[in-house]
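For reference, the structure discussed in these notes is given below.
Just follow the structure's listing: the first ligand is 1, and inside any ligand the first atom is 1.
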Amino acid sequence: MKIAIIGQGYVGLTIAAVAGEFYSVVGLDRNARVVDQLNKGVSHIEGVENSTLQKWIKEGRYRATAEESEISDAGIVIIAVPTPLNAARQPDMNFIDAACKTIGKNLSQSALVINESTSFPGTLRNFIKPAIEKYSHMNIDHEYAISPERVDPGRGDFNQKNTPRIFAGLTPEASTRTREFYSKFCDQLVEVSSPEVAEAAKLFENTFRQVNIALVNEFAQITNALGISVYETLDAANTKPYGFMKFTPSAGVGGHCIPVDPTYLAAVAEDNGAPATFIRRANEVNLEMSEYIVDRVQSDNNGTLQGKSVLVVGVAYKPNVADVRETAAELVIKHLRDRGAVVSWHDDVVGSWYGEISAPLSGADIAVVVTKHDDVKVQEILDSAPYVFDTTGKVPGAKGL
Ligand SMILES: NC(=O)c1ccc[n+]([C@@H]2O[C@H](COP(=O)([O-])OP(=O)(O)OC[C@H]3O[C@@H](n4cnc5c(N)ncnc54)[C@H](O)[C@@H]3O)[C@@H](O)[C@H]2O)c1
């Protein structure tokens with residue numbers, strides 16, 4: 001059977017790579033450069049090997065395309081497009097809507113449509129199904145299911161096979177077909193009673209992380225005010241064998257998920273008259289962390305950053321990936337520049353960003369470590385400036401949270 005995956009980014013390409021073993025996969029993406037590279041067997045996503053893509057391409061099991069009509073005869077269509085926030089920091093459903101338009105206008109036979117994009121409860125039932133029906137001029141009924149993606153790009157221990165997958169269909173038939181699809185490459189499937197439960201579970205998973213990260217970020221400010229080590233205190237608390245889970249402080253949260261998904265939950269909560277106070281406040285605490293860090297750096301440097309050369313070490317949102325979406329480094333750099341510092345950044349995994357390129361790891365007045373990739377040596381960081389402030393807890397000998 002042919003499957004079509006709309007969006008060939010972190011989620012869509014990861015699914016394409018595992019599904020290629022069992023299906024003929026068409027990966028649709030509106031980015032022509034990505035399509036071109038993928039058809040040459042070059043992956044842009046950590047965890048998807050070029051060799052896998054090349055194998056599927058050679059065996060005729062994978063093709064990337066920007067041509068929407070190529071999805072017309074797919075038996076399964078997976079939606080894996082972005083669900084960001086708009087300028088007003090509200091859910092931006094434009095990408096999902098565009099994917100629905102593509103499906104509605106091009107799918108010429110009855111198929112199973114599975115949404116893997118993260119969105120608010122009710123998206124499958126009240127947004128995706130009606131949108132596809134609205135755009136379709138063909139009188140075809142599709143089956144609909146949700147299976148929110150849990151992939152953590154760059155992670156070695158958990159993958160598509162050993163990460164349990166939540167799913168629910170709009171009908172029993174959709175559920176059966178969805179189970180059949182994922183059971184080919186996932187060991188544990190968790191069927192829930194409605195798409196809304198699956199959608200809400202995904203949002204709560206990421207909100208749980210967002211709130212706990214905010215809590216530990218606030219706690220780092222408390223321990224600093226008390227003159228004790230946040231890391232030693234957390235390690236001590238973590239000796240409790242139950243009822244505690246350790247999170248560590250940082251410059252903030254980044255990536256497509258933790259800074260964004262909780263706002264989808266907050267928006268749907270408030271639309272339904274329920275409070276979302278923790279979520280809103282946690283978001284603020286995480287965003288404020290960058291300014292707190294710059295305050296600490298400034299006060300350690302005679303109260304001024306004017307004219308000082310500051311090297312931000314690591315601008316990816318987490319170690320060992322090139323992803324800079326919503327990275328906390330952006331706000332750290334903004335606050336440093338607002339206070340007159342001359343800022344450059346070092347991150348050879350990212351390479352170039354906003355028209356700037358990674359600077360050498362040396363020669364600054366001040367270094368601020370936002371993300372530490374594994375291949376960046378601690379000693380090189382310590383030697384890069386006479387004053388080093390570490391927000392990661394991975395640079396012993398530096399000042400830090
Ligand atoms: N990145 C993660 O770690 C992760 C984890 C779990 C869930 N998710 C969720 O999965 C969804 C996708 O995220 P992602 O990280 O894969 O995004 P991404 O930006 O890496 O990839 C999305 C791709 O979709 C393409 N695209 C956008 N609109 C399109 C359209 N109408 N037709 C064809 N292609 C289109 C883009 O060009 C891009 O290549 C989001 O809802 C996200 O929240 C992401």
At what distance is the nearest protein heavy atom to atom 24 (O) of ligand 1, and which residue and atom is it? Gly7 CA, 3.3 Å
So between Thr14, Val151, Ile45, whose heavy atom ends up nearest atom 5 (C) of ligand 1? Val151
Could you tell me whether Arg177 and Glu143 make a salt bridge, using a distance below 4.0 angstrom between a side-chain N and a carboxylate O? no
Atom 11 (C) of ligand 1: which protein heavy atom is closest, and how many Å away? Val81 O, 3.3 Å
Under a 4.0 Å threshold between the charged nitrogen and the carboxylate oxygen, would Arg179 count as salt-bridged to Glu191? yes
Atoms of ligand 1, numbered as shown, that sit under 4.0 Å from any heavy atom of Ala98: 31 (N)
Looking only at protein heavy atoms, what sits closest to atom 21 (O) of ligand 1 is Gly9 CA, 3.1 Å
Looking at ligand 1, is there an atom of it that comes within less than 4.0 Å of some heavy atom belonging to Asp29? yes
For ligand 1, which is the ligand I care about here, please tell me if Ile6 has any N or O atom under 3.5 Å from one of the ligand's N or O atoms. no
For ligand 1, which is the ligand I care about here, please tell me if Glu149 has any N or O atom under 3.5 Å from one of the ligand's N or O atoms. no
Could you go step by step and tell me if Ser358 and Asp348 meet the side-chain hydrogen bond (donor to acceptor under 3.5 Å, both in side chains) rule? CA-CA 6 Å; Ser358 173; Asp348 287 343; 2.8 Å; yes
Phe181 and Tyr23: CA distance, side-chain angles, deciding distance, ring-ring contact (aromatic ring centres under 6.0 Å, His included) verdict: CA-CA 10 Å; Phe181 172 66; Tyr23 297 92; 5.3 Å; yes
Return yes or no for this condition: an N or O of Thr102 is under 3.5 Å from an N or O of ligand 1. no
Please state which option from Cys257, Pro82, Gly12, Gly47 has its nearest heavy atom closest to atom 27 (C) of ligand 1. Pro82
So is there a nitrogen or oxygen of Thr83 less than 3.5 Å from a nitrogen or oxygen in ligand 1? yes
Lys334/Glu291 salt bridge by N-O under 4.0 Å criterion: no
Closest non-hydrogen protein atom to atom 18 (P) of ligand 1, residue and atom name please, with distance? Arg325 NH1, 3.6 Å
Side chains of Asp92 and Asn94: do they bring a donor and an acceptor to under 3.5 Å? yes
Considering non-hydrogen atoms of the protein only, which is the closest contact for atom 30 (C) of ligand 1, and what is the distance? Arg30 NE, 3.6 Å
Could Lys161 and Glu21 be called an ion pair, given the rule that one side-chain N must be under 4.0 Å from one carboxylate O? no
Given Gln8, His44, His256, Arg155, which has its nearest heavy atom closest to atom 43 (O) of ligand 1? His256
Just to confirm my output: which protein heavy-atom neighbour is closest to atom 8 (N) of ligand 1, and how far is it? Val11 CG2, 3.6 Å
Are Asn106 and Tyr135 close enough that a side-chain donor and a side-chain acceptor fall under 3.5 Å? no
Against heavy atoms of Ser117, which atoms of ligand 1 measure under 4.0 Å? 11 (C), 41 (O)
Got more than 12 heavy atoms from elsewhere within 6.0 Å of CZ, Phe204? no
Looking only at protein heavy atoms, identify the closest one to atom 9 (C) of ligand 1 and say how far it is in Å. Thr118 OG1, 3.4 Å
Distance-only donor-acceptor check, side chains Glu330 and Tyr354, under 3.5 Å: yes
Those atoms of ligand 1 less than 4.0 Å from some heavy atom in Phe95: 27 (C), 28 (N)
Residue portion contacting ligand 1 (non-hydrogen atoms closer than 4.0 Å) for Lys202: side chain
State whether the side chain of Glu199 and the backbone N or O of Gly122 hold a donor-acceptor pair below 3.5 Å, judged by distance alone. yes
May I ask you to identify the nearest protein heavy atom to atom 3 (O) of ligand 1, giving residue, atom name and distance to one decimal place in Å? Pro153 CD, 3.1 Å
Considering only NZ, NE, NH1 and NH2 on the basic side and carboxylate oxygens on the acidic side, decide whether Asp295 and Arg339 come within less than 4.0 Å. yes
